[in-house]
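To keep things clear, I will list the structure first and then write my remarks on it.
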Amino acid sequence: LVVDVPAAHLHHELELELDRFVDHHCHGLDVSDLDRPAFEALMSEADGPSPLGTTAFDSMLGLAVRRWCAPVLGLPPLASPDDYVARRRELGGAEASRRLVASAGISTFLVDTGISSKRVGSPHDVAMLAGGTAHEIVRLERLAEDLLDESVEPDQFGARFEERLRVSEAIGAKSIAAYRVGLDLPGVKPSARALEVAVSQLGTEADGGHRLAHPVVHAWLAWTAVEIGMPLQFHAGYGDKDLDLRRCDPLRLTAFLEATRTRGVPIVLLHNYPFHRNAAYLAQVFDHVFIDIGLATHNAGALSDSILRESLELAPFGKLLFATDAYGLAEHYVLGALLFRRALTRVLGSLLVAGEMGADDALRLGRLIGRENAERVYAIGSP
Ligand SMILES: [Zn+2]
């Protein structure tokens with residue numbers, strides 16, 4: 001087979017196509033002047049560097065920070081960890097974060113607003129850092145916990161929650177059932193009575209606040225989002241050790257997916273690693289299921305190409321979305337975008353060179369995965 005378009009030319013064209021990503025799942029940042037322990041504590045899903053290990057920089061993520069983020073801050077590639085953190089403090093956390101996020105090539109941010117307020121949390125703040133646009137994704141459990149903190153009566157909870165979700169300006173909802181009870185959600189919506197009983201059983205934390213963890217309530221919340229017609233994200237797979245990874249395989253959602261498949265509401269499985277092949281299978285067999293490989297991409301650094309390749313084995317090209325799952329550090333935006341862009345360019349480029357797809361195919365698939373799939377799922381137009 002003759003390949004008309006040289007690979008280098010395709011790479012250039014693809015990079016242009018992939019320069020305006022829609023990041024469909026990300027979080028706020030800490031823009032304070034972080035010292036090295038504080039920086040390392042935010043690097044990975046661990047609580048911080050292990051006292052028995054070495055440093056969080058001794059990882060694929062650490063190498064990627066030194067290789068790719070150091071030049072954005074004016075340092076040579078592979079600058080030492082101490083030099084990197086010193087340069088970041090010299091610039092100031094806010095300015096360093098601004099430079100980093102602005103270099104990521106992301107134009108639209110869908111921000112999960114469910115985590116703490118002392119960081120830069122609002123969609124607007126994140127978009128301001130990069131000069132992009134932003135939308136909110138509302139976390140179901142956060143909304144529910146706010147209601148519980150207001151001491152709503154158990155028999156009022158359902159109606160009040162539904163009302164709040166309906167008036168929310170968010171363009172999608174997110175469930176963290178995986179974190180609290182695992183992904184074995186039922187194929188039928190719990191009844192109003194079952195919900196009331198469950199809510200009346202919920203206790204409070206030591207500080208008097210609520211931390212929702214009840215299988216009936218998580219199921220009811222997710223079903224309610226689907227009934228309202230909000231695109232619904234599920235945390236699946238990889239996350240910090242608050243979750244039990246054994247209960248987070250997206251295949252456990254099969255009954256829920258089967259029961260919701262004719263509703264016309266997109267279900268988006270986030271992260272998925274190391275179950276990304278299982279997630280890709282679900283995206284193939286269920287019309288309404290979409291997936292991403294955020295979080296694992298930047299953690300796996302230069303070894304992340306294989307995660308994308310394995311995801312594309314089964315996932316239809318219209319079902320894979322781009323996400324960084326950036327949280328805390330602006331570096332996550334840079335690396336999530338750069339490594340995904342590079343992996344996609346390599347995979348599509350190799351298929352083109354092998355004569356397995358044409359240049360038009362490669363560019364079109366790049367556009368789909370980089371932004372158009374997200375625009376379709378969340379019904380947002382190109383800015
Ligand atoms: Zn996340």
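Start at 1 and go down the list; that is how both ligands and their atoms are numbered.
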- Is it true that some N/O/S atom of H27, main chain or side chain, lies under 2.8 Å from the Zn ion (ligand 1)? yes
- Query: Does H25 bring an N, O or S atom to under 2.8 Å of the Zn ion (ligand 1)?
  - Reply: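 Checking the Zn ion (ligand 1) against H25, an N, O or S atom does fall under 2.8 Å.
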- Distance-only side-chain donor-acceptor flag, E162 / T224, under 3.5 Å: no
- Message: Taking the side chain as everything from C-beta on, heavy atoms only, tell me whether L34 gets closer than 4.5 Å to R88.
- Response: yes
- Item | Test item: L18 and F340 side chains (from C-beta on) under 4.5 Å apart, heavy atoms | no
- What N, O or S atom of D325 is found closest to the Zn ion (ligand 1)?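 So the atom name we want here is OD1.
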- How are the rings of H27 and H25 set relative to one another: parallel (under 30°), tilted (30 to 60°) or perpendicular (over 60°)?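 Perpendicular, since the angle between the ring planes exceeds 60°.
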